[in-house]
J.: 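First the structure, then my questions, so here it is.
From a predicted model like this one, the values you see are computed outputs, not experimental measurements. Lettering of chains follows the sequences in order, A, B, ..., and the numbering in each one begins at 1.
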There are 2 protein chains.
Amino acid sequence: MPAPNASQRRRERKIAYDAFMATCPSRQLLDTITDKWVCLVLNALSRGSMRHGELARIIAGVSQKMLTQTLRALERDGLLTRVVTPTVPLRVDYALTPLGMDLERQMSHLKQWAEMNMDAILAARRRHARTQ
Amino acid sequence: MPAPNASQRRRERKIAYDAFMATCPSRQLLDTITDKWVCLVLNALSRGSMRHGELARIIAGVSQKMLTQTLRALERDGLLTRVVTPTVPLRVDYALTPLGMDLERQMSHLKQWAEMNMDAILAARRRHARTQ
DNA sequence: CTGTATCCCCAGAGATACTG
DNA sequence: CAGTATCTCTGGGGATACAG
């Protein structure tokens with residue numbers, strides 16, 4: 001029996017998970033990754049490795065709790081690595097894994113889209129408010 | 001003075017909005033669109049116009065409240081149209097606008113990514129649980 | 001069929017204080 | 001600097017009932 005090729009494996013994986021199903025693991029994963037903090041953290045780290053403080057500064061308005069929580073979840077899912085340098089004071093660096101970079105590529109389009117189409121959305125809202 | 005070309009306008013828009021800023025409208029928009037229901041609704045409608053009941057059936061587990069709420073928000077932002085046919089019983093069709101189709105193209109990558117990389121994520125979680 | 005209107009509840013998010 | 005631990009509290013989201 002020949003080994004399945006890439007296209008066959010891709011098709012199988014497509015069948016394996018379906019986010020339209022409520023109980024599918026991919027539904028839960030979709031819920032996790034569709035999050036503004038995830039989007040912004042990944043995007044910030046796409047520039048390269050960063051420390052906790054740097055991330056907090058770049059991602060304005062994120063609380064320490066949410067930042068840590070987001071970083072922990074992304075680490076758990078293998079999307080980023082957490083490297084501790086036991087100096088005094090402590091130094092912790094976060095960096096995307098290849099899997100994280102892959103997701104970041106998709107997510108960055110979302111952030112860009114929001115920034116690029118903001119005017120169109122605001123116009124639509126004004127139109128809607130007038131018709132309403 | 002010559003009219004700005006497409007590339008210049010694109011650059012200006014990029015400067016105009018920045019989701020890293022807490023108070024930027026695009027931050028709020030990013031928060032709105034990074035949502036699993038938005039992702040699933042857009043993806044379902046990419047197949048073509050659909051009725052409320054069809055959407056509810058395809059998107060398993062969505063409550064009526066969340067579905068309506070999501071549809072209203074997307075309509076408000078000009079991402080889909082809501083067409084009422086005043087028959088008895090009532091018939092309501094939802095369809096993506098060009099702007100909605102554009103966003104859907106980005107979002108569909110996210111759903112696909114979750115389904116395609118579910119195995120890798122699950123493996124990472126097992127690895128993390130063991131190391132933990 | 002396609003919704004609104006209500007009630008209710010708890011997870012999630014901020015704020016604050018403390019530690020290695 | 002980089003967190004953890006707690007507390008509080010709001011508002012997101014489910015369930016239910018009713019209406020055009």
Side-chain angles (χ1 to χ4, degrees), chain A residues 19 21-23 27-41 44-45 48-77 80-95 128 131-132, chain B residues 19 21-23 27-41 44-45 48-77 80-95 128 131-132:
Chain A
M21 301 186 60
T23 56
R27 163 71 72 89
Q28 200 281 323
L29 178 58
L30 185 65
D31 194 23
T32 305
I33 62 180
T34 54
D35 176 271
K36 66 170 178 298
W37 300 134
V38 168
C39 181
L40 293 172
V41 165
L45 288 177
S49 167
M50 271 194 198
R51 305 180 59 178
H52 182 101
E54 294 179 272
L55 283 167
R57 211 170 320 115
I58 289 176
I59 305 172
V62 68
S63 68
Q64 193 182 44
K65 178 180 173 180
M66 287 315 296
L67 181 53
T68 299
Q69 193 171 299
T70 303
L71 289 168
R72 291 287 174 281
L74 293 176
E75 187 197 4
R76 190 181 100 101
D77 287 355
L80 57 77
T81 59
R82 179 173 179 269
V83 177
V84 181
T85 312
T87 53
V88 177
L90 207 61
R91 178 191 176 95
V92 182
D93 286 277
Y94 295 93
H128 187 262
T131 319
Q132 194 63 356
Chain B
M21 302 187 60
T23 56
R27 163 72 71 90
Q28 200 280 325
L29 178 58
L30 185 64
D31 194 22
T32 304
I33 63 180
T34 54
D35 177 271
K36 67 171 178 297
W37 299 134
V38 168
C39 181
L40 293 173
V41 165
L45 288 178
S49 167
M50 271 194 198
R51 306 178 61 178
H52 182 100
E54 294 179 272
L55 284 167
R57 209 170 322 115
I58 289 177
I59 305 171
V62 68
S63 68
Q64 194 181 43
K65 178 180 174 180
M66 288 314 297
L67 181 53
T68 300
Q69 192 171 300
T70 303
L71 289 168
R72 289 289 173 280
L74 293 176
E75 186 195 5
R76 190 181 99 102
D77 287 356
L80 57 77
T81 58
R82 177 173 181 271
V83 177
V84 181
T85 311
T87 52
V88 177
L90 208 60
R91 178 192 175 96
V92 182
D93 286 276
Y94 295 94
H128 187 263
T131 321
Q132 194 61 358

J.: With a 4.5 Å cut-off on side-chain heavy atoms, are B/Thr32 and B/Gln28 touching?
T.: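 Heavy-atom side-chain distance check passes, below 4.5 Å.
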
J.: For B/Thr87, give me all partners under side-chain contact (heavy atoms from CB on, under 4.5 Å), at least two apart in sequence or on another chain.
T.: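 Only B/Thr85, B/Arg91 meet the side-chain contact (heavy atoms from CB on, under 4.5 Å) criterion with B/Thr87.
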
J.: So does B/His52 get a side-chain nitrogen or oxygen closer than 4.0 Å to the phosphate oxygens (OP1/OP2) of C/dG3?
T.: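 Answer yes for this pair, as a side-chain N or O of B/His52 is under 4.0 Å from OP1 or OP2.
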
J.: Taking only the side-chain nitrogens and oxygens of A/Arg51, find out if one of them lies under 4.0 Å from OP1 or OP2 of D/dC1.
T.: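 A/Arg51 to D/dC1 OP1/OP2: no side-chain N or O under 4.0 Å.
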
J.: In the structure I gave you, are the side-chain heavy atoms of A/Asp77 and A/Leu29 within less than 4.5 Å of one another anywhere?
T.: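 They are in side-chain contact.
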
J.: Is the backbone N or O of B/Gly61 less than 3.5 Å from a side-chain atom of A/Arg27, with the two atoms forming a donor-acceptor pair by type?
T.: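 Checking the backbone N and O of B/Gly61 against the side chain of A/Arg27, no donor-acceptor pair under 3.5 Å is found.
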
J.: Quickly work out the B/Leu40 CG to D/dG13 P distance and round it to whole Å.
T.: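 To the nearest whole Å, that distance equals 13 Å.
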
J.: Would you mind telling me which residue lines up with the more 5' stretch of DNA chain D, A/Tyr94 or B/Asp35, judged by nearest nucleotide?
T.: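 Here A/Tyr94 is the residue nearer the 5' end.
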
J.: Who passes side-chain hydrogen bond (donor to acceptor under 3.5 Å, both in side chains) against B/Arg57, sequence neighbours left out?
T.: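 With sequence neighbours excluded, B/Arg57 shows a side-chain hydrogen bond (donor to acceptor under 3.5 Å, both in side chains) to no residue whatsoever.
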
J.: If I take atom CE in residue B/Met50 and atom C1' in nucleotide C/dC1, what distance separates them, rounded to the nearest angstrom?
T.: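 Answer to the nearest Å: 17 Å.
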
J.: Would you please confirm or rule out a distance under 4.0 Å between OP1 or OP2 of C/dG3 and any side-chain N or O of B/Arg82?
T.: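 Indeed, a polar side-chain atom of B/Arg82 lies that close.
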
J.: Please name all residues satisfying side-chain contact (heavy atoms from CB on, under 4.5 Å) with A/Val88, sequence neighbours left out, ordered by chain then number.
T.: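 Applying side-chain contact (heavy atoms from CB on, under 4.5 Å) to A/Val88 gives none.
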
J.: Enumerate all atom pairs, one protein N or O and one N or O from nucleotides 14-17 of chain C, separated by less than 3.5 Å.
T.:
{"residue": "C/dG14", "atom": "OP2", "partner": "A/Ser63", "partner atom": "OG", "Å": "2.9"}
{"residue": "C/dG14", "atom": "O6", "partner": "A/Lys65", "partner atom": "NZ", "Å": "2.8"}

J.: Mind checking side-chain contact (heavy atoms from CB on, under 4.5 Å) for A/Leu90 and listing every partner two or more places apart, or none if nothing turns up?
T.: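 A/Leu90 satisfies side-chain contact (heavy atoms from CB on, under 4.5 Å) with A/Val84, A/Val92 once adjacent residues are dropped.
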
J.: Restricting to side-chain hydrogen bond (donor to acceptor under 3.5 Å, both in side chains), what partner residues turn up for B/Glu54, sequence neighbours left out?
T.: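 Here no residue qualifies.
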
J.: Side chains of residues 68-76 of chain A: which donor-acceptor partners sit under 3.5 Å, not counting sequence neighbours?
T.:
{"residue": "A/Thr68", "atom": "OG1", "partner": "A/Gln64", "partner atom": "O", "Å": "3.0"}
{"residue": "A/Thr70", "atom": "OG1", "partner": "A/Met66", "partner atom": "O", "Å": "2.7"}

J.: Find out whether A/Leu55 and A/Leu67 are in side-chain contact, i.e. whether some heavy atom of one side chain is under 4.5 Å from a heavy atom of the other.
T.: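 Yes, close enough: below the 4.5 Å cut-off.
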
J.: Restricting to side-chain hydrogen bond (donor to acceptor under 3.5 Å, both in side chains), what partner residues turn up for A/Arg51, sequence neighbours left out?
T.: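 side-chain hydrogen bond (donor to acceptor under 3.5 Å, both in side chains) list for A/Arg51, sorted by chain: empty.
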
J.: In whole angstroms, how far is the C1' atom of D/dC1 from the CG atom of A/Leu90?
T.: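 Rounding to the nearest Å, CG of A/Leu90 and C1' of D/dC1 are 7 Å apart.
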
J.: Return the value, rounded to whole Å, for the distance between atom CZ of B/Arg91 and atom C1' of C/dG3.
T.: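 The answer, rounded to whole Å, is 16 Å.
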
J.: Just how large is the angle between the end axes of the helix from C/dC1-D/dG20 to C/dG20-D/dC1, five pairs per end, to 10 degrees?
T.: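 The end axes of the helix from C/dC1-D/dG20 to C/dG20-D/dC1 are about 50° apart, to the nearest 10°.
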
J.: Short of 4.0 Å, heavy atom to strand atom, which residues of residues 68-76 of chain B count as contacting DNA chain D?
T.: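 Of all residues in residues 68-76 of chain B, none places a heavy atom under 4.0 Å from DNA chain D.
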
